[in-house]
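This report refers to the structure that appears directly beneath it.
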Amino acid sequence: MKKLVLGAVLSAITVISCSDKKPTETAVESNVMLEEPKTIDSAAMASKSETLTPEAEGKELLEGMDCLSCHKVDAKLVGPSYQDVAAKYTESDIDKLAQKIIDGGKGNWGDIPMTPHAGMSKENAQKMVKYILSLKK
């Protein structure tokens with residue numbers, strides 16, 4: 001049933017957003033709540049974790065999150081580049097940086113605050129930090 005509803009919604013969006021013509025049918029509103037998209041497939045990540053290094057897992061986690069909207073690997077965007085973070089911190093800062101990802105923060109790189117990621121586990125945040133630190137030049 002969910003796939004059918006999702007398919008109808010996507011079809012309506014495609015008609016509305018991809019056409020210069022006015023839609024011939026009006027979209028029917030529904031009070032059916034669709035599942036929120038998952039950024040990380042836990043089962044797939046669990047099976048991959050047996051073969052991936054923590055750094056590789058961290059890279060996949062970063063790519064599945066909103067991090068890339070503010071950070072780039074090699075250039076400043078809204079926040080510092082991952083390479084700049086790697087140059088400033090060491091392995092002894094993994095726990096501190098992982099907590100910063102979870103809690104968010106402001107002041108270490110300027111006045112723009114970093115969004116908190118309160119639902120993230122400390123273990124996954126540590127993997128992300130290990131990947132970032134692996135980018136040290």
Side-chain angles (χ1 to χ4, degrees):
M1 179 67 178
K2 287 181 183 179
K3 288 182 181 179
L4 180 62
V5 172
L6 181 58
V9 170
L10 291 175
S11 296
I13 291 170
T14 303
V15 169
I16 293 168
S17 64
C18 296
S19 174
D20 293 332
K21 300 177 186 176
K22 301 267 185 212
T24 56
E25 297 178 23
T26 57
V28 177
E29 285 191 38
S30 170
N31 61 358
V32 175
M33 185 172 167
L34 300 175
E35 282 186 42
E36 191 159 330
K38 294 181 174 101
T39 56
I40 301 168
D41 181 357
S42 301
M45 185 59 81
S47 68
K48 283 185 177 183
S49 67
E50 295 172 6
T51 59
L52 295 177
T53 64
E55 291 83 3
E57 283 186 72
K59 181 179 180 184
E60 284 193 8
L61 287 164
L62 281 170
E63 290 171 348
M65 303 278 301
D66 63 345
C67 305
L68 296 174
S69 60
C70 294
H71 301 278
K72 291 177 87 175
V73 170
D74 57 355
K76 178 177 175 27
L77 197 56
V78 175
S81 73
Y82 293 144
Q83 289 176 342
D84 288 343
V85 173
K88 183 174 180 175
Y89 296 100
T90 66
E91 297 284 322
S92 64
D93 297 311
I94 290 175
D95 287 336
K96 175 175 108 176
L97 294 174
Q99 198 61 49
K100 180 73 80 172
I101 291 171
I102 294 167
D103 296 340
K106 179 180 167 184
N108 292 359
W109 295 93
D111 292 333
I112 299 173
M114 184 170 84
T115 306
H117 298 84
M120 177 173 290
S121 73
K122 181 103 176 200
E123 180 185 14
N124 282 343
Q126 288 170 334
K127 290 175 186 176
M128 292 166 65
V129 172
K130 287 177 184 178
Y131 164 68
I132 292 167
L133 294 179
S134 76
L135 298 172
K136 190 177 298 257
K137 290 182 181 180

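If you read the sequence from its start, that first residue is 1, and numbering goes on from there.
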| remark: d(Gln126 CD, Ile101 CD1) to nearest 0.5 Å is 9.5 Å

| task | Could you label the plane-to-plane angle of the Tyr82 and His71 rings as parallel, tilted or perpendicular, counting under 30° as parallel and over 60° as perpendicular? | result | parallel

| request: Measure the CD-CG distance between Glu91 and Leu133 for me, rounded to the nearest 0.5 Å. | output: 5.5 Å

| Just wondering, do Met128 and Cys67 contact through their side chains at under 4.5 Å, heavy atoms? | yes

| said: For the backbone of Ile102 and the side chain of Lys100, can you confirm whether one donor and one acceptor N or O come within less than 3.5 Å of each other? | reply: no

| said: If only side-chain N and O atoms count, and only distance matters, is there a donor-acceptor pair under 3.5 Å linking Lys136 with Gln83? | reply: no

| message | If I compare all heavy atoms of Cys70 with all of Leu77, which pair ends up nearest, and what's the gap? | response | O-CB, 3.3 Å

| query | Below 4.0 angstrom, N of the basic side chain to O of the carboxylate: do Lys127 and Glu57 qualify? | reply | yes

| query | Stepwise, does the side chain to side chain contact (heavy atoms under 4.5 Å, CB included) test hold for Met65 with Met120? | reply | CA-CA 10 Å; Met65 303 278 301; Met120 177 173 290; 3.3 Å; yes

| Donor on one side chain, acceptor on other, Asp66 and Ser69, under 3.5 Å | no

| said: Less than 4.5 Å apart, side chain to side chain, heavy atoms only: is that true for His117 and Asp103? | reply: no

| query | Is the backbone of Thr90 close enough, under 3.5 Å, to the side chain of Asp93 for a donor and an acceptor to pair up by distance? | reply | yes

| query | Taking atom CD of Glu55 and atom OG of Ser134, what is their separation to the nearest 0.5 Å? | reply | 5.5 Å

| task | Would you kindly check if the NZ (Lys) or CZ (Arg) of Lys88 is within the cone defined by 45 degrees around the ring axis of Trp109 and under 6.0 Å from the six-membered ring centre? | result | yes

| message | So if I apply the side-chain contact (heavy atoms from CB on, under 4.5 Å) rule between Ile132 and each of Leu97, Leu62, Asp84, Ile94, which one comes out positive? | response | Leu62

| query | Is Val73 reachable from Leu61 through a run of hydrophobic residues whose side-chain heavy atoms are each under 4.5 Å from the next? | reply | yes

| task | Using a 4.5 Å cut-off on heavy atoms from C-beta on, say whether the side chain of Asp74 contacts that of Ser81. | result | no

